[in-house]
There are 2 protein chains.
Amino acid sequence: MVDRRRTPDAHAGPSEVLRQVGMRDVASRAQVSIATVSRFINDPESLSMAMRERVEEAVRHLGYIRHGAARALSMRRSHAIGAIIPTVDNATRAGKIAALQKNCHEQGYNLLLALSEYDLDVELQQCRNLVEAGVDGIMLEGGLHHPELYHLLESRGIAFVNTIVYDPKSPYPNIGFDNRGMARRLADHLLDLGHTSLAMISGPRAGNDRARERVEGVRDALAGRGLTLAPDAVVEHPYRVAEGRLGLRRLIARDTMPTAIICGNDVLAFGAILEAQSQGLDVPGDVSIAGFDDLDWASQLPPGLTTVALPSPEVGRLAARYLIDTLKGETMPHATEVEVRLILRGSTGVPRPRG
Amino acid sequence: MVDRRRTPDAHAGPSEVLRQVGMRDVASRAQVSIATVSRFINDPESLSMAMRERVEEAVRHLGYIRHGAARALSMRRSHAIGAIIPTVDNATRAGKIAALQKNCHEQGYNLLLALSEYDLDVELQQCRNLVEAGVDGIMLEGGLHHPELYHLLESRGIAFVNTIVYDPKSPYPNIGFDNRGMARRLADHLLDLGHTSLAMISGPRAGNDRARERVEGVRDALAGRGLTLAPDAVVEHPYRVAEGRLGLRRLIARDTMPTAIICGNDVLAFGAILEAQSQGLDVPGDVSIAGFDDLDWASQLPPGLTTVALPSPEVGRLAARYLIDTLKGETMPHATEVEVRLILRGSTGVPRPRG
DNA sequence: TGCTAGCTTGTAAACGGTTACATCGACAAT
DNA sequence: ATTGTCGATGTAACCGTTTACAAGCTAGCA
């Protein structure tokens with residue numbers, strides 16, 4: 001390997017690559033040992049005032065910035081956290097990621113972001129990547145992953161946590177919501193209002209346990225009253241407004257028109273409301289509609305969207321804490337539930353008697 | 001430093017830390033040199049069939065995964081790209097980030113995400129962080145940054161590119177939209193319809209040149225007809241629906257009610273439309289409203305939102321390519337414009353004659 | 001004065017890869 | 001048979017930190 005090393009003060013020809021200033025340069029300028037420079041960076045208190053000042057001057061003068069990869073190699077710790085999420089295009093998720101990034105940053109950790117597109121194989125691939133990148137911990141979404149993924153993480157002793165799901169019975173640590181329970185609560189509310197014919201516009205359930213759990217929760221509520229959810233009363237649509245409209249069209253085209261529709265999230269609910277209104281249906285008079293997430297506009301949209309507020313920034317914050325504290329060697333709770341709030345607004349009401 | 005090294009086959013007591021399997025382990029199992037293993041990982045073609053098979057067996061058997069930090073240290077290249085964006089909670093930005101991540105991943109680069117919260121000092125801090133993490137390139141948003149940030153990046157020879165802005169005259173590479181021009185086009189359209197009293201609900205302009213440029217573009221259009229934008233005809237509000245409502249209320253409370261309102265983005269426009277409708281105003285009869293972004297629901301919302309579609313995933317794709325190809329040593333175009341599309345929908349129309 | 005305890009500071013050995021250069025054969029041309 | 005060429009493989013230096021351990025120094029104390 002050709003040695004491109006140059007002392008920073010030396011003149012280098014135009015085609016030469018200047019070596020970055022390193023601890024050795026700082027050390028030689030400050031006339032101290034390289035170990036002292038390292039100590040200045042990591043624990044200035046441990047140095048005498050005189051040393052500290054000399055090193056500080058040199059660091060500032062040379063604009064020294066520590067070489068992260070070298071540090072990671074030496075410490076066997078990268079100070080990087082990875083996050084694998086299906087997509088970013090959702091305000092709820094965005095809040096989680098923002099909180100995660102912020103909290104990691106505050107603790108001196110960087111955030112590596114990877115996208116799985118709701119595909120467990122892609123997720124595994126991205127996970128391998130993050131492992132190679134040397135992340136110390138990983139935040140996952142949901143509890144449903146490629147078995148190989150769990151094996152990979154555990155065999156390498158990489159901290160990880162499933163999020164958005166809360167399941168004390170899961171063998172894996174998790175922080176999130178009781179998706180099933182909250183769907184049940186929402187459905188129960190509708191049943192309490194007198195609805196007997198519920199339907200759902202669910203998000204795609206393949207590889208997505210959150211979506212599945214929400215359907216199951218609604219089933220639970222119905223079962224509690226001796227009712228069932230007909231197979232064709234659940235339609236699956238990707239999380240887009242236009243798909244919500246499609247979903248509603250499919251549901252009202254059935255033999256029995258549902259009096260209440262629970263949507264996989266607010267985006268689908270938005271579409272469903274728009275479609276209902278444009279079909280001349282009154283919401284909630286002719287059909288009650290509800291969602292999950294409590295997005296920004298859920299309260300603004302007439303008639304106001306009944307939904308379940310998910311404090312996902314809190315999940316991001318807790319995930320950061322879980323991972324970083326675990327890395328510090330602390331024992332963290334295995335499962336943490338983040339409370340959700342059922343928010344009743346104008347889009348749900350008592351069913352109008354039918355003829 | 002205590003040596004925790006153990007041969008992978010050796011039995012280790014419960015409290016012992018097992019050393020990760022490294023190239024040396026693979027080499028010894030395959031009975032080849034460590035260099036051969038490296039070659040197998042990086043360029044299998046250069047090995048004889050026999051060698052390749054032996055190494056492959058060993059790699060697979062031991063589940064070897066390369067140590068990224070060691071590679072980065074040795075190669076002086078981390079294969080990581082950093083992105084600093086203000087926030088994530090916006091579908092347009094999400095598309096850009098998703099495309100960036102995808103394209104980076106395809107080229108073997110990881111993505112480090114950092115958030116600046118529209119604060120140039122925070123942005124600089126995050127940038128320092130990314131530099132320490134050793135990113136090979138950085139994607140920034142906008143062209144307005146802390147001067148120290150530019151100096152930092154240039155002095156260290158880190159590739160970077162400003163995005164969402166297109167400015168051939170900028171000294172820094174950029175990929176994006178002509179924010180000023182597109183705002184002007186939108187305003188021109190409204191003026192062509194016969195509007196003479198325009199107003200704006202802008203996003204906060206501090207530290208945000210995209211927002212500023214959009215206001216300036218509208219000013220340009222007005223100036224082209226000998227008109228001006230009164231100071232109180234521009235109100236600034238954060239990008240939230242409720243803020244859009246507030247903005248509209250402020251604008252219609254003025255002496256002269258504007259007949260057309262251009263909003264900093266679709267979210268603000270959404271709020272403005274909702275507020276107008278709830279005040280009994282007809283859109284576009286009483287007031288035309290337009291935005292930027294063409295979010296998912298812009299076409300769904302009655303009466304359909306006139307807006308400017310920004311293909312931001314394309315920006316993410318191009319940014320990834322710019323950075324990675326630049327790192328390869330290729331000369332990339334200094335400024336690249338991504339075309340936007342003015343989309344006319346029901347929220348704008350000819351102004352109704354006033355009494 | 002000599003000794004020890006307690007700080008600071010320095011020395012040098014990892015960390016786990018990449019890669020320049022050396023080496024070694026095999027094979028073709030002389 | 002000798003030499004040269006070329007491709008495959010090995011050897012070892014180097015990337016820039018951290019940190020165990022050694023060494024030096026000061027002060028307190030017998």
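Reminder, nothing fancy here: chain letters follow the sequence lines and each chain counts from 1. Below, each value reflects all heavy atoms present in this structure, side chains not excepted, and no hydrogens, waters or symmetry copies.
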Undergrad: How many whole angstroms separate atom CE of B:Met23 from atom C1' of D:dA12?
TA: 13 Å
Undergrad: Considering every strand and a 4.0 Å limit on heavy-atom distances, what is the contact class for B:Leu47: base, sugar-phosphate, or nothing?
TA: sugar-phosphate
Undergrad: Please determine, for the side chain of A:Val32, which listed nucleotide (C:dG16, C:dG10, D:dT11) has the closest atom?
TA: C:dG10
Undergrad: How many whole angstroms separate atom CG of A:Asn42 from atom C1' of C:dT9?
TA: 16 Å
Undergrad: In whole Å, what is the span from the CG atom of B:Leu73 to the C1' atom of C:dG16?
TA: 9 Å
Undergrad: Under 4.0 Å from OP1 or OP2 of D:dG10: is there any side-chain N or O of B:Thr36 that close?
TA: yes
Undergrad: Students often get this wrong, so: under 4.0 angstrom with heavy atoms, is B:Met75 touching a base, only sugar-phosphate, or nothing?
TA: sugar-phosphate
Undergrad: Would you say the base of C:dG10 and the side-chain of A:Arg39 have a donor-acceptor pair closer than 3.5 Å?
TA: yes
Undergrad: To the nearest Å, give me how far apart CD (A:Gln20) and P (D:dT17) are.
TA: 10 Å
Undergrad: Among the candidates C:dT19, D:dA8, C:dG16, find the nucleotide nearest to the side-chain atoms of B:Ser48.
TA: D:dA8
Undergrad: Return no unless some side-chain N or O of B:Ser38 is found under 4.0 Å from OP1 or OP2 of C:dT18.
TA: yes
Undergrad: Rounded to whole Å, please give me the gap between CZ in B:Arg54 and C1' in D:dA8.
TA: 12 Å
Undergrad: State plainly whether the residues B:Lys102 and A:Glu117 are in salt-bridge range, i.e. N to O under 4.0 Å.
TA: no
Undergrad: Report the C-alpha distance between A:Val315 and A:Thr336 in whole Å, list the side-chain angles of each, state the deciding distance to 0.1 Å, and finish with yes or no for side-chain contact (heavy atoms from CB on, under 4.5 Å).
TA: CA-CA 9 Å; A:Val315 173; A:Thr336 305; over 6 Å; no
Undergrad: Step by step, work out the salt bridge (charged side-chain N to carboxylate O under 4.0 Å, His left out) result for B:Glu314 and B:Arg317.
TA: CA-CA 5 Å; B:Glu314 178 68 4; B:Arg317 197 180 67 77; 2.9 Å; yes
Undergrad: Looking across every strand, which nucleic acid part, if any, lies under 4.0 Å from A:Phe40 by heavy atom: base, sugar-phosphate, or nothing?
TA: nothing
Undergrad: B:Arg52 has an atom CZ; how far is it from atom P of D:dA8, in whole Å?
TA: 10 Å
Undergrad: Reading DNA chain D from 5' onward, which residue's closest nucleotide shows up sooner: A:Tyr64 or B:Met51?
TA: B:Met51
Undergrad: By the 4.0 Å heavy-atom rule, please label A:Ile34 as base, sugar-phosphate, or nothing.
TA: base
Undergrad: Do the side chain of B:Arg24 and the base of C:dG17 come within less than 3.5 angstrom through a donor-acceptor pair of N or O atoms?
TA: yes
Undergrad: For the backbone of A:Ala159 and the side chain of A:Thr326, can you confirm whether one donor and one acceptor N or O come within less than 3.5 Å of each other?
TA: no
Undergrad: Between atom CD in A:Glu132 and atom P in C:dG16, what is the gap in whole Å?
TA: 15 Å
Undergrad: How close or far is atom C1' of C:dT8 from atom CD of A:Glu45, stated in whole angstroms?
TA: 14 Å
Undergrad: Measure from the side chain of A:His67, starting at C-beta and using heavy atoms only, and say which of C:dC21, D:dG16, C:dG17 lies closest.
TA: D:dG16
Undergrad: For B:Arg66 and C:dT18, is the shortest distance between a side-chain N/O and OP1 or OP2 below 4.0 Å?
TA: yes
Undergrad: Assess, by modelled atom type and distance only, whether the side chains of A:His145 and A:Glu123 contain a donor and an acceptor separated by less than 3.5 Å.
TA: yes
Undergrad: Indicate whether OP1 or OP2 belonging to D:dT19 is found under 4.0 Å from a side-chain N or O atom of A:Ser74.
TA: no
Undergrad: Give a yes or no on whether A:Arg321 atom CZ has more than 12 heavy-atom contacts from other residues, nucleotides or ligands under 6.0 Å away.
TA: no
